[in-house]
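Below is one structure, written out as structure tokens; comments come after it.
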Amino acid sequence: MDDRILIIMTSGPDTPRRCATPFFMATIAAAMDYDVTMFFTIDGSLLLKKGLADTIFPKEGGRAAGGYLQDALDAGVKFKACTASMELHGLTAEDLIDNVDMVGGASMWEMADGATSVVSF
Amino acid sequence: MAIIQGCNIPDDLFYMTEKHVWAKPLDGGKIRVGMTTAAVKLAGGQFLAVTPKRKALNQELAQGKSMATVESSKFVGPVPAPVSGTLLAVNEAVASDPSLVASDPYGEGWIAEIQANQWDAEKGSLASGPEGIEAYRAKIEADGVNCAE
């Protein structure tokens, strides 16, 4: 099995400049044949709200965060949303883009335990 | 050489059209691999980084597994093995000077070489000849790539 990488994404709409690189790094890792999962918690979960990432611009006049997010999905990166942070933001499964699993906090520890590298943004 | 949407596409190579990768059989079952001019265009005219998968050198790779990664501000992607085999060499020249991929994509800008172990069985999965060029034309057009722009 390919080595697993876990990226914990805590940044959200309040910090646009932090909303491209994590997806970019995830896409690169997938291109290197790592098995990559992004776990979205704290403000990161907001990026999974339908349409929201398309309104965030890490660079003024540049590409929206939604483009980087889609690149990661297209590359095969798995998206997991933290149920507690969803509750924090008043989000339900219906509010999220497709291809996102909702998982509890214990799943984060299981994923971290099984990963060769864990990076938090 | 075919010209597709302004992109130079040699008609004597094999292509993984989905990934814009070319493959050229050399002597002794060795296959040289690189990225096409259409890939360079998709990347915004140049790659900023080419990172060979050095830890896979001398290892067996299945068809489709990554041999290197290419990056630009617009594009990130793998350079997949077009056929199964042993990763023989990576081009350190492009690792230190990624602009070679844009300036000479089918020559000095090659990325890796693989010793194919199932060439006869797998070459049919690659696009080649007049039909292959037409298949690649469809892909380039579908991606909206125009090297002349």
Side-chain angles (χ1 to χ4, degrees), chain A residues 1-7 9 11 15-38 40 44 47 53-54 56-79 97 99 115-119 121, chain B residues 16-21 33-36 39-40 42-45 47-87 90 94-95 98 101 111-112 114 139 142-145:
Chain A
M1 184 184 286
D2 294 324
D3 286 342
R4 291 184 192 169
I5 285 179
L6 175 64
I7 294 173
M9 180 58 169
S11 303
T15 50
R17 286 194 187 187
R18 302 184 67 83
C19 292
T21 302
F23 295 110
F24 192 75
M25 289 297 178
T27 305
I28 293 173
M32 296 168 77
D33 285 338
Y34 287 108
D35 180 334
V36 189
T37 299
M38 290 185 80
F40 296 81
L47 298 177
D54 296 327
I56 298 169
F57 293 88
K59 181 181 177 183
E60 198 172 330
R63 197 169 176 227
Y68 294 96
L69 182 156
Q70 191 61 48
D71 285 347
L73 281 174
D74 291 346
V77 175
K78 293 179 283 246
F79 282 14
I97 59 172
N99 303 309
T116 48
S117 301
V118 180
V119 180
F121 289 100
Chain B
M16 275 184 112
T17 59
E18 276 302 307
K19 301 294 184 184
H20 299 284
V21 163
V33 182
M35 301 295 281
T36 69
V40 173
L42 273 172
F47 290 111
L48 302 177
V50 176
T51 310
K53 199 168 184 182
R54 297 183 182 91
K55 77 172 186 182
L57 271 172
N58 302 314
Q59 311 248 320
E60 295 257 329
L61 289 177
Q63 185 181 37
K65 284 291 183 181
S66 181
M67 302 192 299
T69 312
V70 290
E71 302 171 42
S72 77
S73 56
K74 289 188 168 182
F75 180 94
V76 177
V79 182
V83 290
S84 306
T86 303
L87 184 61
V90 295
V94 298
V101 180
I111 291 173
I114 192 166
K139 170 64 177 166
D143 282 357
V145 178

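Proteins come first, then strands; the chains are lettered A, B, ... in the order of their sequence lines, and each starts at number 1. Because the structure is predicted, anything quoted here is derived from the model rather than measured.
Across all non-hydrogen atoms, the minimal contact from B/Met16 to B/Pro80 is SD-CG, 3.8 Å. Between B/Ile114 and B/Leu87, the shortest heavy-atom contact is CG1-N, 4.1 Å.
Both the backbone and the side chain of B/Lys65 come within contact range of chain A, each with at least one heavy atom under 4.5 Å from a heavy atom of that chain. Contacts between B/Lys55 and chain A at a heavy-atom distance below 4.5 Å involve the side chain alone, from C-beta outward. Neither the backbone nor the side chain of A/Phe23 comes within less than 4.5 Å of any heavy atom in chain B.
Looking at B/Ile111, B/Val94, B/Val70 one by one, the single match for side chain to side chain contact (heavy atoms under 4.5 Å, CB included) with B/Phe47 turns out to be B/Val70.
Under 4.0 Å is where a charged nitrogen must lie from a carboxylate oxygen, and between A/Arg63 and A/Asp71 at least one such pair does.
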